[in-house]
Amino acid sequence: MRRLASFLSVVLLLTLGCTAGRTGAESEPRSAELSPQDVEIEVRNDLTPRVSVTVRIVRGSGSPVTLGNVGPGRTRSLIFREQYFETTYVLIAETPNRTELRSRVFDLYASARVVWRLANNSLYFSER
């Protein structure tokens, strides 16, 4: 009986020691810690011949997410909501005849403003 009492005391002390110093926030899932951030993606559709495009973004090796359409000769700011910023991204502009233009691979960060000029396929960051 004494051995059982000693064993239970050790288990209780180990359990208390493992949970000591841990706050509720640390035990929360990661999604509860971070809220999605808006990233502005400005697309300048200066392609010739003039044609409208559908713009998508791809996270890492994931599936494309549609951001919106940009008319011929137009500039449009599209908003992308991201939470983790842990991978690389690529933008895709697709014409009605299914021709695709892909940007270079890039990293994002919270509150970023990306500018993508389609005619020369240049992508850069600017101040918001």
Side-chain angles (χ1 to χ4, degrees):
M1 188 63 133
R2 286 175 76 176
R3 278 187 164 169
L4 179 60
S6 295
F7 176 74
L8 290 175
S9 297
V10 169
V11 169
L12 180 61
L13 287 174
L14 287 174
T15 303
L16 291 174
C18 289
T19 59
R22 217 181 144 130
T23 66
E26 291 171 332
S27 62
E28 293 291 322
R30 192 169 162 178
S31 60
E33 294 174 13
L34 301 174
S35 59
Q37 300 287 317
D38 287 345
V39 176
E40 182 182 356
I41 300 174
E42 180 180 296
V43 180
R44 296 180 185 175
N45 184 358
D46 48 0
L47 291 173
T48 44
R50 293 168 54 98
V51 63
S52 63
V53 295
T54 299
V55 178
R56 295 180 178 87
I57 190 166
V58 180
R59 292 179 187 101
S61 59
S63 300
V65 174
T66 301
L67 298 177
N69 298 311
V70 183
R74 301 278 186 177
T75 297
R76 183 170 175 204
S77 289
L78 306 168
I79 301 298
F80 175 61
R81 293 186 63 81
E82 184 60 293
Q83 189 163 354
Y84 295 117
F85 303 100
E86 293 177 342
T87 188
T88 57
Y89 301 82
V90 67
L91 292 170
I92 301 171
E94 183 180 357
T95 66
N97 69 356
R98 303 258 187 241
T99 302
E100 283 187 355
L101 175 66
R102 289 180 171 261
S103 73
R104 65 176 169 82
V105 175
F106 60 96
D107 295 317
L108 275 181
Y109 54 90
S111 308
R113 181 172 182 266
V114 178
V115 179
W116 188 27
R117 295 193 59 191
L118 300 183
N120 60 359
N121 197 10
S122 66
L123 184 136
Y124 58 92
F125 293 87
S126 71
E127 296 298 318
R128 267 187 144 179

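D107 and F125 make their closest contact through O-CZ, 3.0 Å (heavy atoms, listed as atom of the first residue, atom of the second, distance). Between V51 and P72, the shortest heavy-atom distance links the atoms N-CB, 3.6 Å.
R74 CZ: 12 or fewer foreign heavy atoms inside a 6.0 Å radius.
Side chains of E40 and I79 form a contact here, defined as non-hydrogen atoms less than 4.5 Å apart. Residues V115 and R113 form a side-chain contact, since some pair of their non-hydrogen atoms from C-beta on lies under 4.5 Å apart. Contact of the N121 side chain with the S103 side chain is registered, since non-hydrogen atoms from C-beta on lie closer than 4.5 Å. Considering only heavy atoms from C-beta on, V114 stays 4.5 Å or farther from Y89 through its side chain. Side-chain contact between R76 and N45 is absent, with no heavy-atom pair separated by less than 4.5 Å.
Rounding to the nearest 0.5 Å gives a distance of 6.5 Å between CG of L101 and CG of L47. The line from CG of L67 to CG of L91 is 7.0 Å long, rounded to the nearest 0.5 Å. Separation of atoms CD (E82) and CD (Q37) is listed at 10.0 Å; rounding is to 0.5 Å. With values rounded to the nearest 0.5 angstrom, L108 atom CG is found 9.5 Å from T88 atom OG1. We find the CZ-OG1 distance between R59 and T87 to be 9.5 Å, quoted to the nearest 0.5 Å. Atom CH2 of residue W116 and atom CD1 of residue I41 lie 9.5 Å apart, to the nearest 0.5 angstrom.
V105 is not connected to I57 by any chain of hydrophobic side-chain contacts under 4.5 Å among Ile, Leu, Val, Met, Phe, Trp and Tyr, and they are in different clusters. When the side chains of ILVMFWY residues are joined at heavy-atom separations under 4.5 Å, either directly or via intervening members, L123 and V43 end up in a single hydrophobic cluster. Residues F85 and L78 fall within the same hydrophobic cluster, defined by Ile, Leu, Val, Met, Phe, Trp and Tyr side chains chained together at heavy-atom separations under 4.5 Å. Both F80 and F106 are members of a single hydrophobic cluster when ILVMFWY side chains are connected at heavy-atom separations under 4.5 Å.
Checked by atom type, the side-chain pair S122/R117 shows no donor-acceptor distance below 3.5 Å. A donor and an acceptor atom, one from each side chain of N69 and T54, are located under 3.5 Å apart.
A donor-acceptor pair under 3.5 Å links the side-chain atoms of D46 to the main chain of A119, judged by distance alone. Panel note: side chain R102, backbone V90; no donor-acceptor pair is recorded below 3.5 Å.
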